[in-house]
Amino acid sequence: MPPSTDLRDLLAGAVLAVAPRLLGSVLRHGEVACRITEVEAYDGARDPGSHANRGETARNAVMFGPPGHLYVYFTYGMHYCCNVVCGPPGSPSAVLVRAGEVVDGLDLARARRTPARSDRDLARGPANLCQALGIEAKQNGHDLTRPPLTMTPPELLADDVRTGPRVGLRLAADRPWRFWLPKEPSVSTYRPAVSRRRGP
DNA sequence: GCTCCGATTATCT
DNA sequence: GATAATCGGAGCG
């Protein structure tokens, strides 16, 4: 008998409370499953770093919908990243899933991630994680209570959660809204967004 | 481990 | 037209 950690109950809260509680949860798509080790919170329309901060558009519409759905976006011309939409209703908040440990379907994950030099790299970084799990544009808006793409909350809350700045943002780069589990090899090293100089 | 840099295109100004 | 919630390879330590 599992504890009362129903996914919908968990995701109903405010994103800054929800994000660290998702560490240790399992995101499964078919035969591949990842235990989540690193996430970031995106706090509604007030968050300058969020895709939702300029209002609803075709791309970010899922963030404005009900909790428990997956917001998948395409970036840098070649990568997908996925977020879990959370509450409260009407606030376009979401948790970016940045990294995880592949705990099932290793063979398929390895086949999808041929550049990975070791298993810890299979789902290290948000775009790599999506690739390992086979998450693409057609999974945008998916309800995570419906197999084959599901999220299962952890049985125990992580008791040692680290926090720091979010990765790759120029806006609101000071907010420590990245959460990760210590001593997990799948957690990315921090890369600040640098304003790349062009020309002399 | 680190830093530099090119790939490649949807999205928004 | 510029930017982007990124990645991997090259070169260095």
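Below, chain A is the first sequence line, B the second, and so on; all start at residue 1. Only a predicted model underlies this, so the values are computations on that prediction, with no experimental measurement involved.
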N/O (side chain, A/Arg98) to phosphate O (OP1/OP2, C/dA5) under 4.0 Å:
no
Is there a side-chain polar atom (N or O) of A/Arg124 under 4.0 Å from OP1 or OP2 of C/dC7?
no
Could you tell me which non-hydrogen atom of A/Leu96 sits nearest to which non-hydrogen atom of A/Cys81, and how far apart they are?
CD1-CB, 4.0 Å
Tell me the interatomic distance from A/Leu171, atom CG, to C/dT3, atom C1', rounded to whole angstroms.
11 Å
Rounded to whole angstroms, how far apart are CG on A/Leu96 and C1' on C/dA5?
6 Å
Classify A/Asn128 by what it touches in the nucleic acid, base, sugar-phosphate, or nothing, heavy-atom distance under 4.0 Å.
sugar-phosphate
Whether A/Tyr42 stacks on the six-membered ring of C/dA5 base, 5.5 Å and 30° limits
yes
Checking all strands, does A/Phe74 fall into the base, sugar-phosphate, or nothing category for heavy-atom contacts under 4.0 angstrom?
sugar-phosphate
Whole-Å distance, A/Arg191 CZ to C/dG9 P, equals 14 Å
Are the side chains of A/Arg124 and A/Thr189 in contact, using a 4.5 Å heavy-atom criterion?
yes
What is the base-pairing partner of C/dA5, counting Watson-Crick and G-U wobble geometry with both distances under 3.5 Å?
none
Does atom CZ (A/Arg113) have a neighbourhood of more than 12 heavy atoms from anything else shown, all under 6.0 Å?
yes
With a non-hydrogen cut-off below 4.0 angstrom, is A/Arg59 in contact with a base, only sugar-phosphate, or nothing?
sugar-phosphate
Gap between atoms CZ and C1', on A/Arg113 and C/dC7 respectively (whole Å)
8 Å
Counting only side-chain N and O atoms of A/His79, is one of them less than 4.0 Å from OP1 or OP2 of B/dT8?
no
Within the modelled atom types, does a donor on one side and an acceptor on the other bring the side chain of A/Tyr73 and the base of C/dA5 under 3.5 Å apart?
yes
Atom CG of A/Asn53 and atom P of B/dT13 are separated, to the nearest Å, by 9 Å
Phosphate oxygens OP1/OP2 of B/dG1: is one of them under 4.0 Å from a side-chain N or O of A/Thr189?
no
Classify the ring geometry of A/Phe74 against A/Tyr80: parallel below 30°, tilted from 30° to 60°, perpendicular beyond 60°.
tilted
Out of A/Arg162, A/Arg120, A/Arg35, which residue meets the side chain to side chain donor-acceptor pair (under 3.5 Å) rule with A/Glu184?
A/Arg35
Closest-nucleotide ordering on DNA chain C, the 5'-leading residue of A/Gln131 and A/Leu169:
A/Leu169
Round to the nearest Å and state the distance from A/Arg54 atom CZ to C/dT3 atom P.
13 Å
Counting only Watson-Crick or G-U wobble pairs whose two distances fall under 3.5 Å, which nucleotide matches B/dT8?
none
Please report the distance, rounded to the nearest Å, between CD in A/Glu38 and P in C/dA5.
16 Å
Without decimals, in angstroms, what is the distance between A/Met78 CE and C/dA5 C1'?
15 Å
